[in-house]
Every structure is written in structure tokens, then in C-alpha cells.
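A quick write-up on the structure given underneath.
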Amino acid sequence: MSTLSLSSSHPSSPSPSSPSPSSPLSSSSCPSTFSMPMPASITPPGSPPSPTMSVDSIRGHNALRLDSPLELDQQRKTKVMIVDDNSINLSILSRMLEKHFTDIIQLTVVMTSGVEALQRLATEEFDLILMDIDMPVLTGVQTTVAIRQSTSEYPILKHNQSVPIIAVTTSDGAEQRELYQQVGMLDCVSKPIVLSKLRSAIEGAMKASR
Amino acid sequence: MAVELRDDSDNGSDFSRPGSPSPSSPTPSLSNTTSNRGQGIVDHTTFDQLLDMDLDDDDEFSRTLVHNYFEQAQRAFGDMDAAMSASDLLALSRLGHFLKGSSAQLGLLKVKASCEKLQYYGQRMDATGQHSSISNEEAEKQIRVLLIQMRREYDEAESYLRDFYGEQEQQQ
């Protein structure tokens with residue numbers, strides 16, 4: 001069975017007073033996080049609670065089936081974190097993974113900010129991160145730097161410090177792609193996401209990590 | 001709900017939903033009208049990818065997503081108006097980028113393009129995002145016009161999507 005874990009932060013829309021993407025890695029007040037009794041208590045920024053974000057909806061017809069022990073031995077499945085401050089994008093990407101990537105992905109966790117992602121990566125191992133770039137407080141680039149560097153402010157589990165990270169963004173120009181590579185991202189998938197390109201990027205990242 | 005989508009651009013995609021009439025058979029007039037109006041409003045390649053994520057006879061996922069987008073957009077427009085009143089260009093840029101992402105994911109071409117312009121103007125760049133710097137006054141002037149245009153484009157997209165799902169338009 002697939003499970004979806006969601007943490008949420010406030011405010012409900014992008015903050016006008018957030019530091020610019022070019023500013024140094026900035027500290028931020030820790031948003032409240034809470035585990036999920038789905039769906040009513042979760043309010044990702046920008047949208048009201050959505051049934052599409054609920055565990056129940058994920059566990060519908062497209063629920064992941066457990067592989068046989070033989071298949072599991074042959075191919076360990078992947079635990080993925082999606083980081084995006086826009087709940088529409090989170091819904092689409094998580095649904096896409098659920099529907100089209102059951103062969104390689106076992107579990108998807110969604111985070112609505114870079115800060116929440118770093119907090120989770122301090123305690124739980126992941127195999128792949130799909131990272132939005134333009135987010136308030138900590139951008140995807142800043143979050144990636146923090147993952148790779150594991151500072152005292154944001155300690156990261158050793159396993160996660162080298163986790164493959166794929167940028168998922170509308171900011172996909174040549175200069176920006178070069179920056180993503182420089183900070184340690186493996187690939188960049190443009191929004192709107194094309195399924196074949198997402199698959200190619202994920203499979204490439206998985207191969208690179210083995 | 002089974003609705004056939006027809007894309008007038010020949011890109012080889014199969015737009016038929018399970019259970020819907022085949023492309024070669026006559027389609028309901030609503031679908032004809034909807035798909036013709038959709039040209040330039042919705043990129044059907046992108047939108048159909050969303051529809052593909054619905055269950056076979058249940059459009060709950062895409063319908064709910066679209067409704068969430070409507071609510072997100074309304075909040076964003078409210079925030080844009082507030083930022084405009086405060087002459088907060090950076091906030092306008094950030095809001096433009098925020099709405100651009102979800103508009104792009106739904107295939108809303110015009111709204112996405114206008115959001116991108118807002119993103120650039122808010123950073124005092126020109127509409128193409130080149131690094132030429134325009135004055136605050138020029139940026140505000142451009143944004144003022146753009147917000148009216150964007151709202152019109154959004155209303156058009158909302159109308160199209162509500163029509164697609166067979167819903168009455170809500171009074172604003």
C-alpha cells in the first residue's frame with residue numbers, strides 16, 4: 001500500500017517579505033508541523049484542504065500493491081520526498097508518481113517548504129528528492145546546499161547528504177540549470193511536467209545513485 | 001463523466017477517455033464548442049495528462065484539482081491587488097511566479113504567460129525577462145495593465161474549465 005505523509009506550514013500564500021533567492025542561506029522561524037490525521041487538518045499554502053491530498057484518496061483504486069518477496073529482493077523500491085510550496089503542484093506530482101511509478105517508488109512524502117524538508121531529512125532517510133526551486137524562506141537551491149553541507153543549523157543524516165535531487169521548476173533556463181548542477185542537483189525537469197521526461201530523470205537519478 | 005476532447009493541432013495524442021465516443025464518431029455539441037474555445041486557452045497535451053490521472057469513470061482528481069486552482073487563483077489575485085496598492089513589486093513578482101507554476105501545470109497558456117510577465121515586471125525586467133532594468137514607475141504602469149489582462153484571461157480559462165466539467169459559472 002502506498003502512504004502519503006504531509007506536513008504543512010503557514011502562511012497561506014507566498015510571503016512578500018521573504019528574502020530574495022540570491023541571499024545567503026537564511027535562518028527562518030520554524031513553521032508548525034504536525035502529523036496527519038487526514039484530510040481536514042492540513043492546509044498547504046495557497047489552497048484549502050483537498051481530497052486529492054488525503055491518504056484515503058491515495059489508497060483508492062491506484063493503491064500500490066506489495067511486491068512479492070522475490071521482486072522486492074530483485075529491486076528495492078524508492079522512497080521519495082517532494083518539496084513544493086504550491087499545493088496544486090504537489091497534488092499533480094504525487095499523483096503522477098502514484099499512478100505511473102509504482103514499479104520503482106514505494107513511498108512518497110510531500111513537504112511544503114525547504115525548512116520542513118531539512119527537518120525531515122535530519123531524522124529519516126530518503127532515496128530521491130524532487131525539489132521545487134522558487135519557494136519562500138528557503139529556495140530549492142538553498143535547501144539543496146543545506147542538504148549537501150549539513151550545518152549545525154540544519155543537520156542532515158549522512159545517507160541524505162548525497163541523496164539524488166531533481167529540480168522540478170518553471171525556472172529552467174540554461175544559466176539556472178547550470179546553477180542547479182553546481183549546487184549538487186542531478187537533473188532538472190521543467191513544469192508543466194511531461195511524464196516521459198520525469199521518468200527519464202528519475203531513472204537516471206536512480207542509476208547514478210547505485 | 002466521459003467527455004471527448006479533440007485537439008485541432010495534430011500532435012498524435014490520443015485524447016479519447018475510456019468509454020467516450022471515438023474521435024471518428026460525432027461528438028456532443030458541448031464538446032465541440034468546448035474544444036474549439038479551448039484553443040489558445042488550454043494546452044490539451046498538458047491538460048489531458050491530468051485527465052489521464054483520473055480513475056476510469058471518476059473525474060474527482062482533476063475536478064478537485066481544478067477547483068483548488070480556482071480558489072488558489074482568487075487568493076493570489078487578492079494578494080496581487082494588495083501588493084499593487086502597497087507598490088510592493090517583489091511581492092507581485094513572487095505572486096506571479098507562484099501562480100505561473102500551477103497555471104502551467106493545468107495547461108492554462110495565457111494565464112501562465114501573463115504570470116510570467118508579472119514575475120519579470122516585478123523584478124523590474126522587461127516582459128521577456130531580459131536583464132534590462134525598467135523604473136519602478138514603468139514597472140507599476142505595466143503591471144497595472146497586466147493585472148486587468150490577467151484577470152480577463154483567468155476568467156476565460158475558468159469559464160472554459162467549468163464548461164468542460166459541465167458546471168455553471170459562479171457569480172463573483
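Each chain gets a letter, A, B and so on, in the order its sequence line appears, and its residues count up from 1. This is a predicted model, so every value here is computed, not measured.
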State, without any angle test, whether K79(A) and Q106(A) hold a side-chain donor-acceptor pair at a distance under 3.5 Å. no
Under 3.5 Å, is there a donor on one side chain and an acceptor on the other for S190(A) and R177(A)? yes
What part of Q49(B) lies closer than 4.5 angstrom to a heavy atom of chain A: side chain, backbone, both or neither? side chain
With a 4.5 angstrom heavy-atom cut-off, could you sort out which part of T46(B) is near chain A: side chain, backbone, both or neither? side chain
F47(B) vs H44(B) aromatic rings, parallel, tilted or perpendicular, using cut-offs 30° and 60°? perpendicular
Taking side chain as C-beta onward, heavy atoms only, is T139(A) less than 4.5 Å from T144(A)? no
Among the listed options S103(B), G129(B), G101(B), the residue most often paired with chain A at heavy-atom distances under 4.5 Å: G101(B)
